[in-house]
Amino acid sequence: MNRYLPIRKVYAREVLDSRGNPTVETEVTVGEGIVGKDGYTGKAIIPSGASTGKYEALELRDKDKRYFGRGVLKAVENINDKLSESVLGENVLNQRHIDTLLKQEDGTENKEKVGANAILGVSLAAADAAAKALRVPLYQYLGGCQAHDMPVPMMNILNGGKHAENTIDFQEFMIMPVGACCFREGLRMCVEIYHKLKEILQSEGLSVAVGDEGGFAPDLKGAEEALEYMVRAVKEAGFLPGKEISFALDIAASELYENGMYYFPGQSIMQNKRIIKSAEEMISYYEELLEKFPIVSIEDGLCEEDWEGWVKMTKRLGHKVQLVGDDLFVTNTKRLQKGIEMRAGNAILIKVNQIGSLSEAMEAVNMAHKAGYAAIVSHRSGESEDTFIADLAVAMGTGQIKTGAPCRGERTAKYNRLLEIEDELGQEARYRNPFIKNNS
Ligand code: PGA
Ligand code: ZN
(Lines give C-alpha, C1' and ligand atoms only; values in the text may rest on other atoms or scores of the structure.)
(Ligands and ions follow the chains in the order given, each with its own letter.)
Protein backbone atom coordinates (compact mmCIF):
# COMPACT_ATOMS: atom_id res chain seq x y z
CA MET A 1 0.00 0.00 0.00
CA ASN A 2 1.63 3.22 -1.14
CA ARG A 3 -0.70 5.92 -0.06
CA TYR A 4 -0.56 6.82 3.61
CA LEU A 5 -3.58 8.57 5.09
CA PRO A 6 -3.05 8.67 8.83
CA ILE A 7 -5.86 8.73 11.35
CA ARG A 8 -5.48 12.07 13.12
CA LYS A 9 -8.39 12.05 15.50
CA VAL A 10 -11.06 9.70 16.81
CA TYR A 11 -13.97 11.12 18.73
CA ALA A 12 -17.26 9.66 19.97
CA ARG A 13 -20.42 11.02 21.57
CA GLU A 14 -23.70 9.64 22.81
CA VAL A 15 -26.66 10.30 20.47
CA LEU A 16 -30.15 8.78 20.06
CA ASP A 17 -31.47 5.95 17.90
CA SER A 18 -34.93 5.63 16.33
CA ARG A 19 -36.41 4.13 19.50
CA GLY A 20 -35.15 7.05 21.56
CA ASN A 21 -32.40 4.95 23.10
CA PRO A 22 -28.82 6.20 23.41
CA THR A 23 -26.28 4.95 20.92
CA VAL A 24 -22.71 5.70 19.85
CA GLU A 25 -21.76 8.21 17.17
CA THR A 26 -18.11 8.15 16.12
CA GLU A 27 -16.02 10.53 14.05
CA VAL A 28 -12.70 9.56 12.52
CA THR A 29 -10.59 12.33 11.02
CA VAL A 30 -7.82 11.56 8.56
CA GLY A 31 -5.47 13.60 6.46
CA GLU A 32 -1.91 14.22 5.51
CA GLY A 33 -2.15 17.77 6.84
CA ILE A 34 -3.31 19.40 10.03
CA VAL A 35 -6.54 18.35 11.71
CA GLY A 36 -9.36 20.78 11.00
CA LYS A 37 -7.52 22.27 8.06
CA ASP A 38 -7.32 19.77 5.28
CA GLY A 39 -8.59 16.70 7.10
CA TYR A 40 -11.56 14.52 6.17
CA THR A 41 -13.99 13.31 8.79
CA GLY A 42 -15.98 10.09 8.50
CA LYS A 43 -18.96 9.37 10.72
CA ALA A 44 -20.99 6.40 11.88
CA ILE A 45 -23.97 5.85 14.16
CA ILE A 46 -24.41 2.36 15.57
CA PRO A 47 -27.78 0.55 15.29
CA SER A 48 -29.34 -1.70 17.91
CA GLY A 49 -31.59 -4.78 17.83
CA ALA A 50 -34.64 -5.80 19.88
CA SER A 51 -34.87 -9.48 18.95
CA THR A 52 -31.14 -9.90 19.33
CA GLY A 53 -29.46 -13.23 18.74
CA LYS A 54 -27.95 -14.95 21.75
CA TYR A 55 -24.56 -15.20 20.03
CA GLU A 56 -24.18 -11.58 18.94
CA ALA A 57 -21.13 -9.55 19.94
CA LEU A 58 -21.74 -7.52 23.09
CA GLU A 59 -23.44 -4.14 22.96
CA LEU A 60 -22.01 -2.26 25.93
CA ARG A 61 -24.62 -0.39 28.00
CA ASP A 62 -23.90 1.60 31.17
CA LYS A 63 -26.54 -0.15 33.32
CA ASP A 64 -26.75 2.84 35.67
CA LYS A 65 -29.47 5.40 36.39
CA ARG A 66 -29.21 7.45 33.21
CA TYR A 67 -31.60 6.44 30.43
CA PHE A 68 -32.81 3.51 32.58
CA GLY A 69 -29.45 1.83 32.24
CA ARG A 70 -29.32 2.15 28.44
CA GLY A 71 -26.67 4.89 28.33
CA VAL A 72 -23.52 4.24 26.30
CA LEU A 73 -21.05 6.57 28.00
CA LYS A 74 -18.71 3.69 28.82
CA ALA A 75 -18.53 2.73 25.14
CA VAL A 76 -17.99 6.39 24.24
CA GLU A 77 -15.20 6.66 26.79
CA ASN A 78 -13.63 3.46 25.48
CA ILE A 79 -13.49 5.01 22.02
CA ASN A 80 -12.16 8.38 23.13
CA ASP A 81 -9.60 6.71 25.29
CA LYS A 82 -8.40 3.18 24.45
CA LEU A 83 -9.53 2.67 20.85
CA SER A 84 -8.48 6.10 19.76
CA GLU A 85 -4.98 5.50 21.09
CA SER A 86 -4.67 2.15 19.36
CA VAL A 87 -5.39 3.52 15.87
CA LEU A 88 -4.00 7.06 15.90
CA GLY A 89 -1.39 7.48 13.19
CA GLU A 90 -2.48 4.26 11.43
CA ASN A 91 -3.20 4.28 7.73
CA VAL A 92 -6.97 4.51 7.32
CA LEU A 93 -6.71 2.77 3.93
CA ASN A 94 -5.75 -0.42 5.69
CA GLN A 95 -9.21 -1.27 7.04
CA ARG A 96 -8.37 -4.85 7.98
CA HIS A 97 -5.37 -3.79 10.01
CA ILE A 98 -7.39 -1.13 11.80
CA ASP A 99 -10.08 -3.67 12.64
CA THR A 100 -7.41 -6.08 13.90
CA LEU A 101 -5.96 -3.39 16.19
CA LEU A 102 -9.41 -2.58 17.52
CA LYS A 103 -10.14 -6.25 18.21
CA GLN A 104 -6.76 -6.69 19.88
CA GLU A 105 -7.46 -3.74 22.17
CA ASP A 106 -10.57 -5.59 23.33
CA GLY A 107 -9.04 -9.04 23.36
CA THR A 108 -12.27 -11.02 23.94
CA GLU A 109 -14.18 -13.32 21.59
CA ASN A 110 -17.43 -11.33 21.66
CA LYS A 111 -15.96 -7.85 22.15
CA GLU A 112 -17.31 -7.59 25.67
CA LYS A 113 -14.51 -5.53 27.16
CA VAL A 114 -14.72 -2.32 25.16
CA GLY A 115 -18.04 -3.19 23.49
CA ALA A 116 -18.93 -4.11 19.91
CA ASN A 117 -20.76 -0.77 19.62
CA ALA A 118 -17.47 1.02 20.39
CA ILE A 119 -15.32 -1.07 18.03
CA LEU A 120 -17.82 -0.91 15.18
CA GLY A 121 -18.14 2.86 15.56
CA VAL A 122 -14.45 3.36 14.83
CA SER A 123 -14.43 0.65 12.16
CA LEU A 124 -17.30 2.15 10.11
CA ALA A 125 -16.28 5.78 10.61
CA ALA A 126 -12.76 4.89 9.43
CA ALA A 127 -14.13 3.46 6.17
CA ASP A 128 -16.30 6.53 5.68
CA ALA A 129 -13.31 8.81 6.30
CA ALA A 130 -11.20 6.86 3.83
CA ALA A 131 -13.85 7.18 1.12
CA LYS A 132 -14.18 10.89 1.76
CA ALA A 133 -10.43 11.44 1.72
CA LEU A 134 -10.13 9.58 -1.59
CA ARG A 135 -13.17 11.48 -2.86
CA VAL A 136 -14.97 8.36 -4.02
CA PRO A 137 -18.46 7.23 -3.01
CA LEU A 138 -18.46 4.82 -0.07
CA TYR A 139 -19.85 1.90 -2.13
CA GLN A 140 -17.04 2.33 -4.60
CA TYR A 141 -14.38 2.53 -1.89
CA LEU A 142 -15.71 -0.67 -0.32
CA GLY A 143 -16.51 -2.58 -3.49
CA GLY A 144 -14.26 -1.15 -6.18
CA CYS A 145 -15.32 -0.95 -9.80
CA GLN A 146 -17.35 -4.16 -9.55
CA ALA A 147 -19.86 -2.42 -7.28
CA HIS A 148 -22.87 -1.91 -9.51
CA ASP A 149 -25.55 -4.35 -8.31
CA MET A 150 -28.55 -2.57 -6.83
CA PRO A 151 -30.24 -4.65 -4.14
CA VAL A 152 -33.84 -5.81 -4.35
CA PRO A 153 -35.56 -4.47 -1.24
CA MET A 154 -37.11 -6.90 1.20
CA MET A 155 -39.61 -4.35 2.36
CA ASN A 156 -41.30 -4.88 5.67
CA ILE A 157 -44.96 -3.81 5.49
CA LEU A 158 -46.51 -5.73 8.40
CA ASN A 159 -44.86 -6.02 11.81
CA GLY A 160 -45.44 -8.42 14.66
CA GLY A 161 -43.47 -10.28 17.33
CA LYS A 162 -41.07 -8.19 19.37
CA HIS A 163 -41.31 -5.24 17.00
CA ALA A 164 -44.94 -4.45 17.73
CA GLU A 165 -47.60 -4.69 20.42
CA ASN A 166 -50.10 -6.64 18.34
CA THR A 167 -51.21 -10.28 18.05
CA ILE A 168 -49.10 -11.27 15.02
CA ASP A 169 -46.47 -13.80 16.13
CA PHE A 170 -44.19 -13.68 13.10
CA GLN A 171 -41.95 -10.62 13.28
CA GLU A 172 -41.88 -9.38 9.68
CA PHE A 173 -43.93 -9.70 6.51
CA MET A 174 -42.06 -8.32 3.53
CA ILE A 175 -42.60 -7.67 -0.17
CA MET A 176 -39.89 -8.01 -2.80
CA PRO A 177 -40.26 -6.27 -6.18
CA VAL A 178 -38.51 -9.05 -8.09
CA GLY A 179 -40.18 -8.14 -11.39
CA ALA A 180 -39.08 -4.50 -11.43
CA CYS A 181 -36.71 -3.18 -14.07
CA CYS A 182 -34.61 -1.12 -11.66
CA PHE A 183 -34.36 -0.17 -8.01
CA ARG A 184 -36.31 3.06 -8.41
CA GLU A 185 -39.26 1.28 -10.00
CA GLY A 186 -39.10 -1.54 -7.44
CA LEU A 187 -39.23 0.99 -4.66
CA ARG A 188 -42.20 2.75 -6.25
CA MET A 189 -44.10 -0.53 -6.55
CA CYS A 190 -43.47 -1.33 -2.89
CA VAL A 191 -44.50 2.13 -1.74
CA GLU A 192 -47.73 1.97 -3.72
CA ILE A 193 -48.52 -1.40 -2.16
CA TYR A 194 -47.70 -0.02 1.30
CA HIS A 195 -50.16 2.86 0.80
CA LYS A 196 -52.79 0.52 -0.63
CA LEU A 197 -52.40 -1.76 2.39
CA LYS A 198 -52.93 1.21 4.69
CA GLU A 199 -56.14 2.08 2.85
CA ILE A 200 -57.41 -1.50 3.10
CA LEU A 201 -56.60 -1.83 6.80
CA GLN A 202 -58.26 1.52 7.52
CA SER A 203 -61.37 0.56 5.58
CA GLU A 204 -61.71 -2.54 7.78
CA GLY A 205 -61.35 -0.54 10.96
CA LEU A 206 -57.91 -2.02 11.70
CA SER A 207 -55.03 -0.12 13.24
CA VAL A 208 -52.52 1.55 10.94
CA ALA A 209 -50.12 2.42 13.75
CA VAL A 210 -46.63 1.33 12.77
CA GLY A 211 -44.05 -0.91 14.43
CA ASP A 212 -40.35 -0.21 15.01
CA GLU A 213 -39.45 -0.79 11.36
CA GLY A 214 -42.36 1.21 9.96
CA GLY A 215 -44.64 -1.68 8.97
CA PHE A 216 -48.28 -1.66 10.08
CA ALA A 217 -49.11 -3.59 13.22
CA PRO A 218 -52.83 -4.46 13.28
CA ASP A 219 -54.30 -7.19 15.45
CA LEU A 220 -54.77 -10.07 13.02
CA LYS A 221 -55.60 -13.75 13.60
CA GLY A 222 -52.25 -14.93 12.33
CA ALA A 223 -49.84 -15.27 9.42
CA GLU A 224 -52.43 -16.43 6.86
CA GLU A 225 -54.58 -13.40 7.43
CA ALA A 226 -51.55 -11.10 7.17
CA LEU A 227 -50.50 -12.77 3.92
CA GLU A 228 -54.05 -12.54 2.54
CA TYR A 229 -54.06 -8.80 3.19
CA MET A 230 -50.72 -8.56 1.40
CA VAL A 231 -52.02 -10.40 -1.68
CA ARG A 232 -55.02 -8.05 -1.72
CA ALA A 233 -52.84 -4.95 -1.41
CA VAL A 234 -50.52 -6.12 -4.21
CA LYS A 235 -53.45 -6.84 -6.54
CA GLU A 236 -55.35 -3.65 -5.73
CA ALA A 237 -52.19 -1.64 -6.33
CA GLY A 238 -52.17 -3.19 -9.81
CA PHE A 239 -49.33 -5.70 -9.52
CA LEU A 240 -49.07 -9.45 -9.94
CA PRO A 241 -48.31 -11.44 -6.78
CA GLY A 242 -45.65 -14.05 -7.49
CA LYS A 243 -44.61 -12.49 -10.76
CA GLU A 244 -43.84 -8.87 -10.02
CA ILE A 245 -43.98 -9.08 -6.24
CA SER A 246 -42.80 -11.96 -4.07
CA PHE A 247 -43.13 -12.31 -0.31
CA ALA A 248 -40.52 -12.83 2.41
CA LEU A 249 -41.01 -13.64 6.08
CA ASP A 250 -38.90 -13.16 9.17
CA ILE A 251 -40.31 -15.52 11.77
CA ALA A 252 -37.69 -14.62 14.43
CA ALA A 253 -38.46 -18.10 15.81
CA SER A 254 -35.88 -17.87 18.61
CA GLU A 255 -38.39 -15.52 20.27
CA LEU A 256 -41.10 -18.22 20.09
CA TYR A 257 -38.91 -21.06 21.40
CA GLU A 258 -39.85 -22.56 24.76
CA ASN A 259 -38.56 -25.92 26.03
CA GLY A 260 -37.87 -27.33 22.58
CA MET A 261 -41.23 -26.19 21.17
CA TYR A 262 -42.53 -23.08 19.38
CA TYR A 263 -45.24 -21.16 21.19
CA PHE A 264 -47.53 -18.66 19.41
CA PRO A 265 -48.68 -16.15 22.06
CA GLY A 266 -50.73 -13.88 19.77
CA GLN A 267 -52.57 -16.68 17.98
CA SER A 268 -53.25 -18.32 21.34
CA ILE A 269 -55.05 -15.15 22.49
CA MET A 270 -56.98 -14.77 19.23
CA GLN A 271 -58.08 -18.42 19.19
CA ASN A 272 -58.50 -18.77 22.92
CA LYS A 273 -56.35 -21.92 23.10
CA ARG A 274 -52.64 -22.62 23.53
CA ILE A 275 -51.00 -22.86 20.08
CA ILE A 276 -47.70 -24.71 20.20
CA LYS A 277 -45.72 -26.48 17.46
CA SER A 278 -42.70 -28.81 17.23
CA ALA A 279 -39.88 -28.09 14.74
CA GLU A 280 -41.39 -30.68 12.36
CA GLU A 281 -44.78 -29.02 12.64
CA MET A 282 -43.22 -25.61 12.00
CA ILE A 283 -41.64 -26.94 8.80
CA SER A 284 -44.96 -28.46 7.68
CA TYR A 285 -46.65 -25.15 8.46
CA TYR A 286 -44.14 -23.33 6.21
CA GLU A 287 -44.78 -25.93 3.52
CA GLU A 288 -48.49 -25.10 3.64
CA LEU A 289 -47.79 -21.36 3.48
CA LEU A 290 -45.46 -21.89 0.51
CA GLU A 291 -48.28 -23.70 -1.33
CA LYS A 292 -50.72 -20.88 -0.78
CA PHE A 293 -48.59 -17.73 -1.09
CA PRO A 294 -45.71 -16.53 -3.29
CA ILE A 295 -43.11 -16.75 -0.50
CA VAL A 296 -39.50 -16.83 -1.69
CA SER A 297 -37.63 -16.34 1.58
CA ILE A 298 -38.04 -17.40 5.23
CA GLU A 299 -35.70 -15.96 7.85
CA ASP A 300 -35.07 -17.57 11.23
CA GLY A 301 -37.75 -20.17 10.64
CA LEU A 302 -36.42 -22.09 13.62
CA CYS A 303 -34.52 -21.22 16.80
CA GLU A 304 -30.83 -20.25 16.86
CA GLU A 305 -30.06 -23.32 19.00
CA ASP A 306 -32.00 -25.77 16.86
CA TRP A 307 -29.26 -26.83 14.40
CA GLU A 308 -30.90 -30.23 13.91
CA GLY A 309 -34.21 -28.59 13.05
CA TRP A 310 -32.43 -26.27 10.62
CA VAL A 311 -30.83 -29.21 8.82
CA LYS A 312 -34.22 -30.90 8.47
CA MET A 313 -35.86 -27.69 7.32
CA THR A 314 -33.13 -27.15 4.71
CA LYS A 315 -33.55 -30.71 3.43
CA ARG A 316 -37.28 -30.30 3.07
CA LEU A 317 -37.57 -26.70 1.91
CA GLY A 318 -34.10 -25.52 0.86
CA HIS A 319 -34.59 -26.36 -2.82
CA LYS A 320 -37.66 -24.15 -3.14
CA VAL A 321 -37.17 -21.26 -0.77
CA GLN A 322 -34.38 -19.07 0.58
CA LEU A 323 -33.75 -19.99 4.24
CA VAL A 324 -32.00 -17.10 5.96
CA GLY A 325 -30.02 -17.40 9.17
CA ASP A 326 -30.12 -14.20 11.20
CA ASP A 327 -29.99 -15.15 14.90
CA LEU A 328 -28.63 -18.51 13.73
CA PHE A 329 -25.46 -17.11 12.12
CA VAL A 330 -25.20 -13.64 13.75
CA THR A 331 -22.89 -12.50 10.89
CA ASN A 332 -20.25 -14.73 12.47
CA THR A 333 -18.00 -16.76 10.14
CA LYS A 334 -17.57 -19.54 12.72
CA ARG A 335 -21.30 -20.10 12.97
CA LEU A 336 -21.69 -19.71 9.20
CA GLN A 337 -18.93 -22.25 8.58
CA LYS A 338 -20.75 -24.72 10.83
CA GLY A 339 -24.00 -24.05 8.94
CA ILE A 340 -22.33 -24.56 5.57
CA GLU A 341 -20.81 -27.86 6.72
CA MET A 342 -24.07 -29.11 8.19
CA ARG A 343 -26.14 -27.68 5.32
CA ALA A 344 -28.26 -25.55 7.60
CA GLY A 345 -29.99 -22.75 5.70
CA ASN A 346 -28.89 -21.35 2.37
CA ALA A 347 -28.53 -17.64 3.12
CA ILE A 348 -27.16 -15.32 5.80
CA LEU A 349 -28.42 -11.99 7.09
CA ILE A 350 -25.60 -9.47 7.47
CA LYS A 351 -25.92 -7.05 10.38
CA VAL A 352 -22.66 -5.23 11.01
CA ASN A 353 -23.30 -4.75 14.72
CA GLN A 354 -23.89 -8.47 15.31
CA ILE A 355 -20.19 -9.07 14.76
CA GLY A 356 -18.79 -5.61 15.51
CA SER A 357 -16.35 -4.79 12.73
CA LEU A 358 -16.58 -4.04 9.02
CA SER A 359 -13.89 -6.52 7.93
CA GLU A 360 -15.55 -9.40 9.72
CA ALA A 361 -18.96 -8.56 8.23
CA MET A 362 -17.42 -8.44 4.74
CA GLU A 363 -15.69 -11.75 5.37
CA ALA A 364 -19.03 -13.30 6.26
CA VAL A 365 -20.49 -12.12 2.92
CA ASN A 366 -17.52 -13.54 1.03
CA MET A 367 -17.69 -16.87 2.83
CA ALA A 368 -21.42 -17.10 2.10
CA HIS A 369 -21.00 -16.30 -1.59
CA LYS A 370 -18.18 -18.83 -2.00
CA ALA A 371 -20.39 -21.53 -0.51
CA GLY A 372 -23.32 -20.62 -2.76
CA TYR A 373 -25.23 -19.03 0.10
CA ALA A 374 -27.01 -15.74 -0.48
CA ALA A 375 -26.23 -12.74 1.73
CA ILE A 376 -28.69 -10.01 2.64
CA VAL A 377 -27.49 -6.75 4.17
CA SER A 378 -29.81 -5.66 6.96
CA HIS A 379 -30.70 -2.79 9.27
CA ARG A 380 -31.67 -3.28 12.93
CA SER A 381 -35.01 -2.45 14.50
CA GLY A 382 -33.25 0.40 16.33
CA GLU A 383 -31.68 2.52 13.58
CA SER A 384 -30.50 6.03 12.79
CA GLU A 385 -30.05 8.37 9.84
CA ASP A 386 -26.75 6.62 9.06
CA THR A 387 -26.91 5.09 5.55
CA PHE A 388 -23.76 2.92 5.62
CA ILE A 389 -25.65 -0.32 4.90
CA ALA A 390 -27.04 1.02 1.61
CA ASP A 391 -23.48 1.46 0.32
CA LEU A 392 -22.42 -1.85 1.81
CA ALA A 393 -25.15 -3.77 -0.04
CA VAL A 394 -24.08 -2.28 -3.38
CA ALA A 395 -20.38 -2.72 -2.60
CA MET A 396 -20.74 -6.41 -1.79
CA GLY A 397 -23.22 -7.13 -4.58
CA THR A 398 -25.56 -8.92 -2.21
CA GLY A 399 -28.55 -8.24 -4.46
CA GLN A 400 -30.92 -7.99 -1.48
CA ILE A 401 -31.37 -5.51 1.37
CA LYS A 402 -33.66 -5.43 4.38
CA THR A 403 -34.27 -1.92 5.57
CA GLY A 404 -37.86 -1.64 6.68
CA ALA A 405 -40.98 0.12 5.49
CA PRO A 406 -41.06 3.27 3.37
CA CYS A 407 -41.97 5.16 6.53
CA ARG A 408 -39.89 6.62 9.39
CA GLY A 409 -36.88 8.72 8.45
CA GLU A 410 -34.28 6.20 9.58
CA ARG A 411 -35.70 3.67 7.07
CA THR A 412 -36.28 6.07 4.16
CA ALA A 413 -32.73 7.41 4.61
CA LYS A 414 -31.41 4.09 3.30
CA TYR A 415 -33.88 3.94 0.41
CA ASN A 416 -33.05 7.52 -0.52
CA ARG A 417 -29.34 6.77 -0.45
CA LEU A 418 -29.93 3.80 -2.77
CA LEU A 419 -31.85 6.06 -5.16
CA GLU A 420 -28.86 8.38 -5.14
CA ILE A 421 -26.46 5.51 -5.82
CA GLU A 422 -28.57 4.17 -8.71
CA ASP A 423 -28.66 7.65 -10.17
CA GLU A 424 -24.91 7.98 -9.84
CA LEU A 425 -24.26 4.58 -11.43
CA GLY A 426 -26.48 5.55 -14.35
CA GLN A 427 -26.44 2.96 -17.12
CA GLU A 428 -23.99 0.81 -15.21
CA ALA A 429 -26.51 0.09 -12.44
CA ARG A 430 -27.82 -3.46 -12.55
CA TYR A 431 -31.01 -4.72 -10.90
CA ARG A 432 -32.09 -8.32 -11.11
CA ASN A 433 -34.26 -10.96 -9.55
CA PRO A 434 -31.94 -12.73 -7.08
CA PHE A 435 -34.00 -15.91 -7.29
CA ILE A 436 -33.29 -16.50 -10.97
CA LYS A 437 -29.69 -17.58 -11.37
CA ASN A 438 -27.43 -16.13 -14.04
CA ASN A 439 -29.88 -13.56 -15.38
CA SER A 440 -27.72 -10.66 -16.31
P1 PGA B 1 -33.67 -6.78 15.39
O2 PGA B 1 -34.65 -7.31 14.28
O3 PGA B 1 -32.89 -5.68 14.84
O4 PGA B 1 -34.64 -6.37 16.48
O5 PGA B 1 -32.82 -7.95 15.82
C6 PGA B 1 -34.35 -7.42 12.94
C7 PGA B 1 -34.39 -8.85 12.48
O8 PGA B 1 -34.67 -9.77 13.28
O9 PGA B 1 -34.11 -9.12 11.33
ZN1 ZN C 1 -34.39 -11.45 11.78
Side-chain angles (χ1 to χ4, degrees), residues 17-21 23 45-59 61 70 116-117 120 151 153-165 168-176 210-215 217 223 247-257 262 282 286 295 297-306 310 313 321-332 335-336 339 344-356 361 364 374-384 386 388-389 393 398 400-405 408 410-411 414:
D17 74 11
S18 57
R19 274 194 280 252
N21 289 327
T23 189
I45 304 180
I46 301 308
S48 176
S51 61
T52 46
K54 195 169 161 191
Y55 299 97
E56 293 191 20
L58 183 106
E59 178 185 78
R61 298 263 173 208
R70 293 185 207 116
N117 40 352
L120 184 65
M154 249 184 196
M155 185 183 280
N156 182 347
I157 57 171
L158 278 169
N159 286 190
K162 267 214 166 171
H163 290 174
E165 301 299 324
I168 304 180
D169 295 310
F170 291 174
Q171 187 175 275
E172 296 168 35
F173 293 79
M174 296 168 279
I175 46 176
M176 299 186 73
V210 298
D212 286 351
E213 298 182 347
F247 294 170
L249 300 173
D250 181 4
I251 313 299
S254 300
E255 304 294 332
L256 308 175
Y257 202 57
Y262 295 85
M282 290 290 274
Y286 298 142
I295 298 166
S297 180
I298 300 175
E299 178 182 331
D300 282 351
L302 293 172
C303 174
E304 63 212 343
E305 310 277 16
D306 194 359
W310 269 91
M313 178 165 67
V321 69
Q322 177 171 268
L323 297 169
V324 189
D326 169 15
D327 291 351
L328 180 74
F329 295 137
V330 287
T331 317
N332 183 318
R335 289 185 68 87
L336 177 60
N346 53 28
I348 180 174
L349 202 73
I350 301 293
K351 290 169 165 170
V352 277
N353 81 321
Q354 280 182 328
I355 190 69
I376 302 133
V377 171
S378 171
H379 65 165
R380 298 307 304 246
S381 49
E383 266 293 334
S384 75
D386 190 310
F388 195 99
I389 59 165
T398 57
Q400 299 178 65
I401 191 168
K402 229 184 104 169
T403 190
R408 302 181 58 123
E410 76 280 4
R411 314 293 149 185
K414 279 71 162 175

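Counting convention: from 1, in listed order, for ligands and their atoms alike.
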**Asked** Can you tell which of E213, R19, Q171 makes a side chain to side chain donor-acceptor pair (under 3.5 Å) with S381?
**Response** R19
**Request:** Give the atoms of ligand 1, by number and element, whose distance to some non-hydrogen atom of D326 is under 4.0 Å.
**Result:** 7 (C), 8 (O), 9 (O)
**Prompt:** Quick one: does A252 get within less than 4.0 Å of ligand 1, heavy atoms only?
**Reply:** no
**Fill in**
Atom name of the N, O or S atom of D250 nearest to the Zn ion (ligand 2) is OD2
**Message:** Please evaluate residues E383 and K414 with respect to the criterion salt bridge (charged side-chain N to carboxylate O under 4.0 Å, His left out), reporting the C-alpha separation (whole Å), side-chain torsions for both, the decisive distance (0.1 Å), and the verdict.
**Reply:** CA-CA 10 Å; E383 266 293 334; K414 279 71 162 175; 2.7 Å; yes
**Prompt:** Using 4.0 Å as the upper bound for N to carboxylate O, is an ion pair formed by D250 and K402?
**Reply:** yes
**Prompt:** Hey, is ligand 1 close enough to S51 that some N/O pair sits below 3.5 Å?
**Reply:** yes
**Message:** Suppose I only count heavy atoms of R380 and a 4.0 Å limit; which atoms of ligand 1 are within that range?
**Reply:** 1 (P), 3 (O), 5 (O)
**Request:** State, with a plain yes or no, whether a side-chain heavy atom of Y286 is found less than 4.5 Å away from one of I251.
**Result:** yes
**Request:** Report the C-alpha separation of Y257 and Y262 in whole Å, then their side-chain angles, then the decisive distance to 0.1 Å, and conclude whether the ring pair (Phe, Tyr, Trp, His ring centres under 6.0 Å) test is met.
**Result:** CA-CA 5 Å; Y257 202 57; Y262 295 85; 4.9 Å; yes
**Asked** Is any side-chain heavy atom of L323 closer than 4.5 Å to a side-chain heavy atom of W310?
**Response** yes
**Under 4.0 Å to a heavy atom of G49 - the qualifying atoms of ligand 1, by number** = 1 (P), 3 (O), 4 (O), 5 (O)
**Request:** State whether K54 and E305 are salt-bridged, where the test is any N-O pair (Lys NZ or Arg NE/NH1/NH2 against Asp/Glu carboxylate O) under 4.0 Å.
**Result:** yes
**Message:** Of all the N, O or S atoms in D326, which has the shortest distance to the Zn ion (ligand 2)?
**Reply:** OD2
**Nearest-0.5 Å distance, CG of residue N117 to OG of residue S48** = 8.5 Å
**Fill in**
Checking heavy atoms under 4.0 Å, the part of E299 that sits near ligand 1 is side chain
**Request:** Please identify which atoms of ligand 1 are closer than 4.0 Å to at least one heavy atom of S381.
**Result:** 1 (P), 3 (O), 4 (O)
**Prompt:** Looking at ligand 1, does any of its N/O atoms fall within less than 3.5 Å of an N/O of S378?
**Reply:** no
**Message:** Between D300 (side chain only) and L302 (backbone N and O only), is there a donor and an acceptor less than 3.5 Å apart?
**Reply:** no
**Message:** Taking a cutoff of less than 4.0 Å between a non-hydrogen atom of the residue and any ligand atom, is H379 in contact with ligand 1?
**Reply:** no
**Prompt:** Does the pair K351/D326 count as a salt bridge with the N-to-O cut at 4.0 Å?
**Reply:** yes
**Prompt:** atom 8 (O) of ligand 1: which protein heavy atom is closest, and how many Å away?
**Reply:** Q171 NE2, 2.8 Å
**Item:** Polar contact flag for A50 and ligand 1 (N/O pairs, less than 3.5 Å)
**Value:** yes
**Request:** Write the atom name of the N, O or S atom in E299 that is nearest the Zn ion (ligand 2).
**Result:** OE2
**Per-residue contact class, D250 against ligand 1 - non-hydrogen pairs under 4.0 Å** = side chain
**Prompt:** If you measure from CD1 on I298 to CG on L249, what distance do you get to the nearest 0.5 Å?
**Reply:** 6.0 Å
**Complete:** Atoms of ligand 1 under 4.0 Å from any heavy atom of K402, numbered from 1 in the order shown, are 7 (C), 9 (O)
**Request:** Would you mind checking which non-hydrogen protein atom is closest to atom 6 (C) of ligand 1, with the distance to 0.1 Å?
**Result:** K351 NZ, 3.3 Å
